[in-house]
Amino acid sequence: MDTLLALLARLFATVALSVVFYWPGWALLKLLTWGRHPRSLRSAEGLDDAWGISLIGFVSSGLLVAIAWKLLASFP
């Protein structure tokens with residue numbers, strides 16, 4: 001049972017980071033580097049580069065949610 005839960009958690013993390021957060025990370029890197037990195041969609045130099053792009057997308061999405069939460073909480 002523990003193995004199944006670990007497998008499902010790993011699958012969820014892989015899908016979430018590889019699919020959902022890759023695109024915001026890719027767009028943010030394109031914006032910040034003026035289009036130099038990453039060169040094209042899914043042209044990551046191996047799995048580590050794709051995970052790095054996904055991590056940037058995850059962090060930027062989290063910051064965006066935190067800022068939106070703070071702004072919405074300030075309205076009466």
Side-chain angles (χ1 to χ4, degrees):
M1 187 64 172
D2 290 337
T3 306
L4 180 61
L5 289 176
L7 178 66
L8 289 175
R10 177 76 175 179
L11 180 65
F12 175 75
T14 301
V15 168
L17 287 175
S18 296
V19 176
V20 175
F21 294 117
Y22 182 86
W23 303 111
W26 182 86
L28 184 65
L29 280 174
K30 278 291 206 186
L31 182 69
L32 291 176
T33 63
W34 296 351
R36 293 185 182 188
H37 179 78
R39 301 241 183 261
S40 65
L41 293 175
R42 289 290 182 190
S43 69
E45 297 288 330
L47 190 58
D48 290 336
D49 196 22
W51 277 98
I53 294 169
S54 299
L55 183 62
I56 289 171
F58 176 74
V59 170
S60 64
S61 297
L63 287 174
L64 185 64
V65 167
I67 291 169
W69 183 275
K70 184 70 172 175
L71 289 175
L72 290 175
S74 66
F75 288 115

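For L29, the side-chain contact (heavy atoms from CB on, under 4.5 Å) test picks out H37, P38, I53, I56, with sequence neighbours left out.
Residue W23 is grouped with residue L32 when hydrophobic side chains (ILVMFWY) are merged at heavy-atom distances under 4.5 angstrom, including chains of intermediate members. Put simply, V20 and W51 are part of the same group of oily side chains (I, L, V, M, F, W, Y) that touch within less than 4.5 Å, one to the next.
If you chain together ILVMFWY residues whose side-chain heavy atoms come under 4.5 Å of each other, I67 ends up grouped with L71. Hydrophobic clustering, defined by side-chain heavy atoms of Ile, Leu, Val, Met, Phe, Trp and Tyr closer than 4.5 Å, groups L4 together with L8.
In this structure, OG1 on T33 lies 9.0 Å from CG on L28, to the nearest 0.5 angstrom.
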